[in-house]
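See below for the structure under consideration.
Naming convention: chains lettered A, B, ... in sequence-line order (proteins, then strands); numbering from 1 in each chain. Values reported hereafter were calculated over all heavy atoms of this structure, with side chains retained and with hydrogens, waters and symmetry mates removed.
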Amino acid sequence: MNHWLLKSEPDVFSYYHLEAAPGRRTVWDGVRNYQARNILRDEIQVADLVFFYHSSCKEPAIVGVCRVTRTGLADPSQFDPASDYFDAKSDPTNPRWITIEVEALRALKHPITLKDMRKDSALQEMALLNRSRLSVQPIRAEEWSHILHLAADDGHFHE
DNA sequence: GCCAACGTTGGC
DNA sequence: GCCAACGTTGGC
């Protein structure tokens with residue numbers, strides 16, 4: 001089982017939108033970068049775990065944990081002329097943009113901010129810090145558990 | 001709102 | 001296939 005990070009702008013679609021969605025699930029539409037598409041199409045598998053990252057906002061941070069529930073889906077927005085993500089060149093019999101479905105598992109008690117990650121010597125290799133524009137990224141197993149540990153055990157308990 | 005990084009497009 | 005122009009991302 002592998003671990004990933006998905007970025008979303010919270011003004012457009014936040015982790016909390018996902019928790020409120022039917023079945024706490026959504027098809028991850030709108031990715032229009034080939035490198036990110038290739039990861040979605042070829043690498044991510046059902047039952048993989050995903051960090052939900054909020055980008056382009058006041059406090060960029062990992063805010064929740066999701067699970068992959070379906071793979072190999074044609075992104076429906078590519079065929080919708082009304083969508084911002086419409087792609088007239090995508091052939092319905094051979095769709096260009098393939099994506100996954102994810103399900104919200106839980107919000108982190110304490111979001112792990114980009115600032116936190118930059119300061120943490122265990123996280124310096126993260127793609128988020130080095131290849132920051134890629135919207136679908138792999139997370140190493142050690143990074144995954146390190147971040148979860150920070151999120152639960154940093155003295156900021158809210159329950 | 002600025003701008004650096006970087007992906008995409010298209011002329012040659 | 002190079003590369004300049006252009007567009008987008010996303011932190012600040």
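Under a 4.0 Å N-O distance rule, the pair A/Arg96/A/Asp87 qualifies as a salt bridge. A salt bridge does not link A/Arg37 to A/Asp75: none of the charged nitrogens lies less than 4.0 Å from a carboxylate oxygen. Ion pairing of A/Arg24 with A/Glu103 is absent here, as no side-chain N (NZ or NE/NH1/NH2) approaches a carboxylate O to less than 4.0 Å.
Between A/Asp87 atom CG and C/dT8 atom P there is a gap of 14 Å when expressed in whole angstrom units. When rounded to the nearest whole Å, the span between OH of A/Tyr34 and P of B/dT9 equals 6 Å. A/Asn33 places its CG atom 13 Å from the C1' atom of C/dG7, with the value rounded to the nearest Å. If you take NZ of A/Lys115 and C1' of C/dG11, they are 11 Å apart, rounded to a whole angstrom. Distance A/Gln137 CD to C/dG10 P: 9 Å, rounded to the nearest Å. The distance from atom CD of A/Glu9 to atom C1' of C/dG11 is 12 Å, rounded to the nearest whole Å. For the pair A/Leu134 CG and C/dG10 P, the computed distance is 9 Å after rounding to whole Å. With rounding to whole Å, A/Leu129 atom CG is found 16 Å from B/dA5 atom P.
Taking the side chain of A/Ser56 as heavy atoms from C-beta on, and the options C/dG10, C/dG11, B/dG7, the nearest nucleotide is C/dG10.
For the pair A/Lys7 and C/dT9, the criterion of a side-chain N or O lying under 4.0 Å from OP1 or OP2 is not met. Within the 4.0 Å cut-off from OP1 or OP2 of B/dC3, not a single side-chain nitrogen or oxygen of A/Arg133 is found. Under 4.0 angstrom from either OP1 or OP2 of C/dT9 there lies no side-chain N or O belonging to A/Tyr53.
Between A/Trp4 and A/Phe52, the distance separating the two ring centers is not shorter than 6.0 angstrom.
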